[in-house]
Participant: 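Before I ask anything, let me first share the structure, which is written out below as structure tokens.
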Amino acid sequence: MSYRAVKGMNDILPDEVARWHALERAFRETAELHGYAEIRTPVVEGTELFVRSIGETTDVVEKEMYTFSHHSESLTLRPEGTAGAARAYVEHKAHAKEPVSRWFYLGPMFRAERPQRGRYRQFYQAGCEIFGDPGPACDAEMIDMLVGLFRRLGVSDVVANIGSIGGAATRERYRGALREFLSPKAGELSDHARARLEVNPLRILDSKDPRDQAACQGAPQILDVLDEADRAHWETLLGHLDALGTPYVVDPLLVRGLDYYTRTLFELKSSAGELGSQNTLCGGGRYDDMIRGLGGPSVPAIGFAMGLERILLALGPMAAPARKTCSIAPMGTRAVGKALELGRALREAGVVADVDGRGNSLKSMLRRADGLGARFCIVLGDAELERGAVQLKDLERHTQEELPIGAVVARVAGGGA
RNA sequence: GUGGGUGUAGCUCAGUGGUAGAGCACUGGAUUGUGGCUCCAGGUGUCGCGGGUUCAAUUCCCGUCACUCACCCCA
């Protein structure tokens with residue numbers, strides 16, 4: 001086995017694609033119902049776009065990007081979808097055409113991490129962005145949409161965690177307070193957390209290390225230090241969710257690893273199905289400063305991305321599709337010619353047709369028809385050809401009848417009735 | 001980048017210091033031309049790769065690679 005797919009990048013074989021289609025269809029339908037329109041942006045962007053938007057000191061930018069240079073240009077395979085959408089929003093001056101833009105996207109993203117269950121180097125995300133609406137009504141609507149989507153998909157145990165990290169000013173103030181609280185306990189922290197104390201103390205809140213969790217007991221909470229405007233935004237959001245009856249859990253320690261977030265943050269988790277420890281199905285939040293930061297106008301924004309393979313892991317197996325194929329089993333060369341003709345006629349009538357021209361035994365052809373999930377099998381042998389007839393077998397009802405060859409297409413197209 | 005686990009048939013996995021098996025799948029037959037159930041028959045393997053110990057290694061030892069799970073981080 002000399003050629004293999006690149007580590008962390010997987011083939012999605014035909015057997016599995018039906019599940020992907022079903023998920024993608026549910027996402028598209030939901031997004032479109034909420035007024036989102038699809039945008040498709042390139043998989044490659046200038047490296048600087050990601051550095052600027054995601055943040056120079058984030059793990060994604062520091063060590064997970066696939067970056068290469070072409071001539072003198074530094075390019076990067078997109079590690080997430082928001083930066084590209086935001087770039088397109090600015091580049092095409094969408095703000096001047098409509099007050100609010102609601103966009104969704106779907107496609108592969110790339111991060112050079114160590115792969116594990118639910119985490120791959122090429123992975124698929126679907127996401128939505130709203131540009132030009134400061135919320136909090138649309139924040140509530142977005143969270144409610146996601147809860148509804150996961151319910152519809154059948155992820156029964158999904159939990160929406162929400163939080164707020166306020167605007168830039170609030171966050172700066174909180175960072176100082178947290179550092180002050182944790183510094184005396186620096187000796188009790190994990191090495192990793194101690195290193196972060198100066199650079200990004202907020203992330204320590206997120207740590208799974210019991211020492212860090214213990215040290216964070218009694219730490220000041222960001223929700224307690226929101227400024228007036230941030231607080232009003234947050235409380236109104238909770239009010240909307242309560243009014244909608246959308247279930248949620250406030251997580252005061254919620255911190256996301258991308259630097260661009262402001263105010264509202266949310267994350268949907270599950271432990272259903274085959275999910276391993278990477279069980280965040282969907283994450284998002286507000287990024288009110290990004291558009292201006294990319295050289296655009298001062299336009300607020302909010303968005304989320306969901307990991308498709310994680311959702312598929314949570315979903316488990318899918319019901320087998322209905323039998324609709326018609327298989328044709330010819331015996332002998334003359335019959336094969338007739339079978340090809342019949343196959344074409346069936347397809348013209350809108351029937352999925354499979355001509356088994358392998359020249360195997362009838363038993364083998366019927367077995368294959370069954371394996372394909374065919375509803376009908378047309379048996380075509382010399383005896384039938386002489387009579388200008390075919391045997392039409394209904395694989396589902398276990399019945400068989402002889403029909404004139406000219407009548408079989410209409411019969412099959414009519415579902416056998 | 002760090003740590004654990006696993007590498008044997010297309011798939012899931014047993015197994016032994018004397019060069020290997022089951023189930024599923026596949027093919028044929030029982031039914032000179034009739035599927036899903038049943039019965040019978042059939043084939044395939046550099047036993048991940050390299051080295052060491054040994055009369056002999058798939059098995060024991062060392063190395064290496066791959067896969068996998070977890071940490072970090074994220075979807």
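Computed from a prediction, not measured in an experiment: that's the story for all the values here. To find a chain, count down the sequence lines: A is the first, B the second, and so on, and within it residues start at 1.
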Participant: Measure the distance from CD on A:Gln116 to P on B:rA66 and round it to the nearest whole Å.
Facilitator: 18 Å
Participant: Regarding A:Lys7, tell me which of base, sugar-phosphate or nothing describes its non-hydrogen contacts under 4.0 Å with the strands shown.
Facilitator: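 Sugar-phosphate contact only - A:Lys7 comes under 4.0 Å of backbone atoms but never of a base.
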Participant: When you measure from the side chain of A:Arg310 to the backbone N and O of A:Gly118, does any donor-acceptor pair fall under 3.5 Å?
Facilitator: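 Between the backbone of A:Gly118 and the side chain of A:Arg310 there is a qualifying donor-acceptor contact (under 3.5 Å).
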Participant: Is it the case that the side chain of A:Thr30 and the backbone of A:Ala26 share a donor-acceptor pair, with hydrogens and angles ignored and the cut-off at 3.5 Å?
Facilitator: yes
Participant: Under the 3.5 angstrom rule, does the side chain of A:Glu48 hit a backbone N or O of A:Val51 as a donor-acceptor pair?
Facilitator: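 No, the answer is negative, given that no donor and acceptor are paired below the 3.5 Å cut-off.
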Participant: Between protein and nucleotides 26-29 of chain B, what N or O pairs are separated by less than 3.5 Å?
Facilitator:
residue	atom	partner	partner atom	Å
B:rG28	OP1	A:Ser361	OG	3.4

Participant: Base, sugar-phosphate, or nothing for A:Ala369, non-hydrogen atoms under 4.0 angstrom?
Facilitator: nothing
Participant: A:Val17: which residues meet the side chain to side chain contact (heavy atoms under 4.5 Å, CB included) condition with it, sequence neighbours left out?
Facilitator: A:Ile12, A:His21
Participant: Applying side chain to side chain donor-acceptor pair (under 3.5 Å), name anything that partners A:Asp242, two or more places apart in sequence or on another chain.
Facilitator: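 By the side chain to side chain donor-acceptor pair (under 3.5 Å) rule, A:Asp242 matches A:Tyr248.
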Participant: NA contact type, A:Gly118, heavy-atom cut-off 4.0 Å: base, sugar-phosphate, or nothing?
Facilitator: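 Base: the residue A:Gly118, judged by heavy atoms under 4.0 Å, touches a nucleobase.
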Participant: Would you measure the distance from the P atom in B:rU34 across to the matching atom in B:rC11 and give it in whole Å?
Facilitator: 33 Å
Participant: Quick one: does any side-chain atom of A:Thr280 pair with a main-chain N or O of A:Cys282 as donor and acceptor, under 3.5 Å?
Facilitator: no
Participant: Is the base of B:rU68 touched by the side chain of A:Arg117 through a donor-acceptor pair closer than 3.5 angstrom?
Facilitator: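 Side chain to base: no pair present.
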Participant: Using atom C1' in both nucleotides, what's the gap between B:rG28 and B:rC69 to the nearest angstrom?
Facilitator: 43 Å
Participant: Both A:Asp370 and A:Leu281 contact RNA chain B. Taking the nearest nucleotide for each, which residue is further toward the 5' end?
Facilitator: A:Asp370
Participant: Between B:rU58 and B:rU19, how many Å separate the two C1' atoms, rounded to a whole number?
Facilitator: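 Nearest-Å result for B:rU58 against B:rU19 at atom C1': 8 Å.
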Participant: Look at the side chain of A:Asp144 and the backbone N and O of A:Thr246, then say whether any donor-acceptor pair between them is shorter than 3.5 Å.
Facilitator: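 It does not hold such a pair.
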Participant: Rounded off to whole Å, could you give me the NZ-to-C1' distance for the A:Lys63 and B:rC71 pair?
Facilitator: 10 Å
Participant: In whole Å, what is the span from the CE atom of A:Met9 to the P atom of B:rC67?
Facilitator: 12 Å
Participant: For the ring pair A:Phe131 and A:Tyr89, is the centre-to-centre distance below 6.0 Å?
Facilitator: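 Distance test on ring centres: under 6.0 Å, yes.
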Participant: Categorize A:Leu395 for me: base, sugar-phosphate, or nothing, with a 4.0 angstrom heavy-atom threshold over every strand shown.
Facilitator: base
Participant: Using whole Å, what does the distance between atom P of nucleotide B:rG33 and atom CD1 of A:Ile328 come to?
Facilitator: 20 Å
Participant: Under a 3.5 Å cutoff on both atom distances, Watson-Crick or G-U, what's the dot-bracket for RNA chain B ([ ] crossing, | other strand)?
Facilitator: (((((((..((((....[..)))).(((((.......))))).....(((((..]....))))))))))))....
Participant: Please report the distance, rounded to the nearest Å, between CE in A:Met109 and P in B:rC73.
Facilitator: 22 Å
Participant: For A:Ser156, enumerate each residue passing the side chain to side chain contact (heavy atoms under 4.5 Å, CB included) test, keeping only those at least two apart in sequence or located in another chain.
Facilitator: none
Participant: What's the gap between B:rU64 and B:rU2 when it is taken at their P atoms, as a whole Å value?
Facilitator: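 Each nucleotide's P atom is 13 Å from the other's.
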Participant: For A:Arg102 and A:His34, indicate whether the former's side chain and the latter's backbone hold a donor-acceptor pair under 3.5 Å.
Facilitator: yes
Participant: Which residues pass the side chain to side chain contact (heavy atoms under 4.5 Å, CB included) test with A:Asp230, not counting sequence neighbours?
Facilitator: A:Thr170, A:Leu226, A:Asp227, A:Arg263
Participant: B:rU34 C1' sits how many Å from A:Glu396 CD, rounded?
Facilitator: 18 Å
Participant: Could you please name the option among B:rA75, B:rA70, B:rU34 that lies closest to any side-chain atom of A:Arg310?
Facilitator: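 Among the listed nucleotides, the one closest to the side chain of A:Arg310 is B:rA75.
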Participant: With nearest nucleotides of RNA chain B determined for A:Leu362 and A:Asn10 from heavy-atom distances, which residue corresponds to the more 5′ nucleotide?
Facilitator: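 The residue whose closest nucleotide sits nearer the 5' end is A:Leu362.
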Participant: Looking only at atom types and distance, does a side-chain atom of A:Glu16 sit under 3.5 Å from a main-chain N or O of A:Leu13, one as donor and one as acceptor?
Facilitator: yes
Participant: Are any side-chain N or O atoms of A:Ser270 and backbone N or O atoms of A:Ala272, one a donor and one an acceptor, separated by less than 3.5 Å?
Facilitator: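 Confirmed, A:Ser270 side chain pairs with A:Ala272 backbone.
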Participant: Taking only residues two or more places apart in sequence or in another chain, which ones pass side chain to side chain donor-acceptor pair (under 3.5 Å) with A:Glu401?
Facilitator: A:Arg411
Participant: When the C1' atoms of B:rU44 and B:rA9 are considered, how many whole Å apart are they?
Facilitator: 6 Å
Participant: Could you tell me if A:Glu129 and A:Tyr287 have a donor-acceptor pair between their side chains, going purely by distance under 3.5 Å?
Facilitator: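 Note: A:Tyr287 and A:Glu129 side chains meet the donor-acceptor criterion.
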Participant: Per the atom types in the model, does the base of B:rU34 pair as donor or acceptor with the side chain of A:Gln400 at under 3.5 Å?
Facilitator: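 Answer yes: a donor N or O sits under 3.5 Å from an acceptor.
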Participant: Please work out if A:Glu267 contacts a base, only the sugar-phosphate, or nothing of the nucleic acid, heavy-atom cut-off 4.0 Å.
Facilitator: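 Nothing, no heavy atom under 4.0 Å.
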Participant: Name all residues meeting the side chain to side chain contact (heavy atoms under 4.5 Å, CB included) criterion together with A:Glu64; count only those two or more places apart in sequence or in a different chain, and write none if there are none.
Facilitator: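 Applying side chain to side chain contact (heavy atoms under 4.5 Å, CB included) to A:Glu64 gives A:Asp59, A:Val60, A:Arg111, A:Glu113.
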Participant: Would you please name every residue forming a salt bridge (Lys or Arg N to Asp or Glu O under 4.0 Å) with A:Glu402, sequence neighbours left out?
Facilitator: A:Arg387
Participant: Considering only the P atoms, how many Å lie between B:rG33 and B:rC39, rounded to the nearest integer?
Facilitator: 24 Å
Participant: Using the P atom on both, measure B:rC24 against B:rA20 and round to a whole Å.
Facilitator: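 Taking atom P in both B:rC24 and B:rA20, they lie 23 Å apart.
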Participant: With a 4.5 Å limit on heavy-atom distance, are the side chains of A:Arg28 and A:Glu38 in contact?
Facilitator: yes
Participant: Measuring only the P atom in each nucleotide, how far is B:rG10 from B:rC26? A whole number of Å is fine.
Facilitator: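 After rounding to an integer number of Å, I get 15 Å for this pair.
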Participant: Tell me, which of residues 382-390 of chain A have any heavy atom that sits under 4.0 Å from an atom in RNA chain B?
Facilitator: A:Ala383, A:Glu384
Participant: Without decimals, in angstroms, what is the distance between A:Arg121 CZ and B:rA66 C1'?
Facilitator: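 Value for this atom pair: 13 Å.
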Participant: Measure from CG on A:Leu313 to C1' on B:rC69 and round the result to the nearest Å.
Facilitator: 13 Å
Participant: Please evaluate residues A:Val352 and A:Arg347 with respect to the criterion side chain to side chain contact (heavy atoms under 4.5 Å, CB included), reporting the C-alpha separation (whole Å), side-chain torsions for both, the decisive distance (0.1 Å), and the verdict.
Facilitator: CA-CA 6 Å; A:Val352 180; A:Arg347 292 170 192 130; over 6 Å; no
Participant: Identify, residue by residue, the members of residues 269-280 of chain A with a heavy atom below 4.0 Å from RNA chain B, and return them in order of residue number, or none.
Facilitator: A:Gly276, A:Ser277, A:Gln278, A:Thr280
Participant: Atom pairs under 3.5 Å, N or O on each side, protein against nucleotides 6-8 of chain B: can you list them with distances?
Facilitator:
none

